[in-house]
Number of protein chains: 2
Amino acid sequence: MARNCRFAVAVHVCAVLTLRREDPPATSDWIAKSVNTNPVVVRRLLSALGKAGLVQSQRGISGGSTLARDPAAITLLEISRAVDADEGPPLPQQEPNPACPVGANIRPILTDILGRAEAARERELHGITLADIAAAIRARQDL
Amino acid sequence: MARNCRFAVAVHVCAVLTLRREDPPATSDWIAKSVNTNPVVVRRLLSALGKAGLVQSQRGISGGSTLARDPAAITLLEISRAVDADEGPPLPQQEPNPACPVGANIRPILTDILGRAEAARERELHGITLADIAAAIRARQDL
DNA sequence: TAATATGTAACCAGTATGATTACATTGTTG
DNA sequence: CAACAATGTAATCATACTGGTTACATATTA
């Protein structure tokens with residue numbers, strides 16, 4: 001997992017689009033007020049989500065963004081991959097010493113371990129859809 | 001998962017200590033040559049591992065570090081927690097707008113999701129011990 | 001044609017990371 | 001006891017990344 005807030009904000013953005021599914025497109029300005037950030041930050045995320053095919057945007061008057069698919073068909077894993085580029089496992093750029101038995105063999109082992117950890121995280125996110133998020137929000141509203 | 005290499009290097013360091021279990025203590029200088037980094041970087045990690053009770057260090061001539069426990073009793077989760085402080089879920093510092101239905105409710109939902117993702121990653125690391133790492137290294141050597 | 005929205009580039013301040021130097025402290029050994 | 005060799009840690013530095021902001025070209029609609 002990257003140490004930034006892009007995923008969290010992207011889910012917030014998508015949640016807004018999900019709850020506003022029947023309404024006219026949401027502008028980056030409107031969404032930014034809900035997130036409490038700058039509209040450009042929202043547009044950057046929407047651009048990434050659009051390239052991943054999760055969202056559609058329209059320019060001009062009465063423009064804005066809408067979900068491209070059924071919320072039940074969009075997983076949080078897709079959102080994560082859309083906004084956070086895969087940078088590979090966090091290994092030091094400097095290669096270890098091949099003259100040491102550990103240095104000579106640890107690299108692929110670490111890559112495997114870090115890959116498995118990341119896969120576990122992704123499996124979790126794959127099991128959650130935007131429909132689940134919307135349901136959780138509605139449940140909290142009805143308290 | 002943090003976006004740094006501390007965990008990877010810490011596992012490398014511990015793997016060295018595991019393979020040298022029957023030998024005299026390893027110096028930070030020696031380990032640094034295997035990792036291919038600066039001895040101070042190694043000492044910082046050894047210091048954190050020591051505070052977590054995974055490693056013991058001795059000053060002075062013929063000093064150095066050794067594993068504090070059986071390699072089969074040290075999990076990668078312990079190593080991860082020792083060298084990477086828990087910074088909590090990566091949420092924006094700016095709170096969302098409580099006047100928006102999404103902004104008012106998304107925070108605890110995001111916290112839950114990010115917590116579940118992190119828990120999945122930790123479950124994976126909990127299942128791997130230093131003995132497994134040592135075995136993997138030996139298996140690669142015997143090719 | 002005027003108004004409004006997206007799409008992006010450019011820039012900035014704040015922060016994290018890892019490498020490095022420096023030095024005090026501790027322990028060993030001759 | 002004196003010299004040496006190791007850890008422990010503070011301080012500094014270059015690099016990189018993040019998120020916020022301004023600016024402006026482009027597209028779309030009324």
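Throughout, protein chains are lettered first and strands after them, A, B, ... in sequence-line order, and every chain is numbered starting at 1.
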Heavy-atom check, side chain of A/Val35 versus side chain of B/Gln94, under 4.5 Å: no
Sugar-phosphate, base or nothing in reach of B/Ser65, heavy atoms under 4.0 Å: nothing
Student check: side-chain heavy atoms of B/Arg107 and B/Pro96 closer than 4.5 Å: yes
Atom-pair distance (CG on A/Asp29; P on C/dG7), nearest Å: 14 Å
Heavy-atom side-chain contact between B/Leu17 and B/Ile31 under 4.5 Å: yes
Residues B/Arg121, B/Glu118: salt bridge by 4.0 Å N-O rule: yes
Whole angstrom value for the distance that separates C1' of C/dT15 from CD of B/Gln93: 11 Å
Earlier contact from the 5' end, DNA chain C, for A/Ser28 and B/Arg6: A/Ser28
Main-chain N/O of B/Ser47 paired with B/Arg43 side-chain donor or acceptor, under 3.5 Å: no
Distance, nearest 0.5 Å, that separates CZ of B/Arg123 from CG of B/Leu77: 11.0 Å
Minimum side-chain heavy-atom gap B/Ile74-B/Cys14 below 4.5 Å: no
Any side-chain heavy-atom pair of B/Asp86 and B/Arg81 under 4.5 Å: no
Close side-chain approach of A/Val9 to A/Val42, heavy-atom, < 4.5 Å: no
Value in whole Å for how far the P atom of C/dT15 lies from CG of B/Asn4: 18 Å
Base versus backbone protein contacts along nucleotides 22-30 of chain C [heavy-atom cut-off under 4.0 Å; B, S, -]: B--BBBB--
Span of DNA chain D in contact with chain B (heavy atoms, under 4.0 Å): D/dC4 to D/dA11
B/Arg44 or A/Asn38, whichever maps to the more 5' nucleotide of DNA chain D: B/Arg44
A/Ser47 side chain near C/dG7 phosphate (N/O to OP1/OP2, under 4.0 Å): no
Atom-to-atom span, CG of A/Leu45 to P of C/dG7 - whole angstrom: 12 Å
